[in-house]
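One structure below.
These numbers come from a predicted model, not from an experiment. Atoms considered below: every heavy atom in the structure, side chains included; atoms not considered: hydrogens, waters and symmetry mates.
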Amino acid sequence: MHAELWVGAAAAIGVAVASGVGEHRRRNRRDLDRVGLVPWPLIQLLAMLAAVICASVALNLR
């Protein structure tokens, strides 16, 4: 059971990193008229929250 939670935390961190890259690319775009529809900061925040929750539950299930 612990392994699944750690894998979930790692996957959530991966999503957070990918959304950080997406936000960086959106912020530094050349054509300012091409706005994005994906709320990268919200996705990054939720992914980090999920990672913290998964890691916390995995640590407390000992």
Side-chain angles (χ1 to χ4, degrees):
M1 177 110 177
H2 299 289
E4 291 88 2
L5 289 170
W6 287 115
V7 169
I13 290 172
V15 169
V17 169
S19 67
V21 170
E23 175 63 19
H24 176 73
R25 290 186 61 184
R26 185 195 62 82
R27 195 174 341 115
N28 295 327
R29 66 188 181 270
R30 291 179 193 236
D31 186 8
L32 295 179
D33 290 333
R34 294 187 63 198
V35 296
L37 297 177
V38 180
W40 293 116
L42 176 63
I43 292 172
Q44 188 174 24
L45 176 72
L46 293 176
M48 289 303 293
L49 181 65
V52 167
I53 289 172
C54 284
S56 175
V57 170
L59 288 173
N60 286 323
L61 281 179
R62 292 192 249 157

- Excluding sequence neighbours, so at least two apart, what forms side chain to side chain contact (heavy atoms under 4.5 Å, CB included) with Arg34?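 Side chain to side chain contact (heavy atoms under 4.5 Å, CB included) list for Arg34, sorted by chain: Asp31.
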- Message: Looking at every non-hydrogen atom in both residues, tell me the closest pair between Ala16 and Met48 and how far apart they are.
- Response: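 Here Ala16 and Met48 meet closest at CB-SD, 3.6 Å.
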- Task: Return the minimal non-hydrogen interatomic distance between Leu5 and Cys54, and the atom names on each side.
- Result: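 So the two residues come closest at O-CB, 3.5 Å.
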- Query: Quick one: do Leu49 and Trp40 end up in the same hydrophobic cluster if we chain Ile, Leu, Val, Met, Phe, Trp and Tyr together by side-chain heavy atoms under 4.5 Å apart?
  - Reply: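 Leu49 does not cluster with Trp40.
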- side chain to side chain donor-acceptor pair (under 3.5 Å): which pairs involve residues 1-23, sequence neighbours left out?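 Sorted result for residues 1-23: Glu23-Arg26.
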- Out of curiosity, Ser56 OG to Leu61 CG, how far, rounded to the nearest 0.5 Å?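 Going from OG on Ser56 over to CG on Leu61, the span is 9.0 Å.
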- Item | Reported CZ-to-CZ distance for the pair Arg27 and Arg29, which is rounded to 0.5 angstrom |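 The CZ atom of Arg29 is 10.5 Å from CZ of Arg27, to the nearest 0.5 Å.
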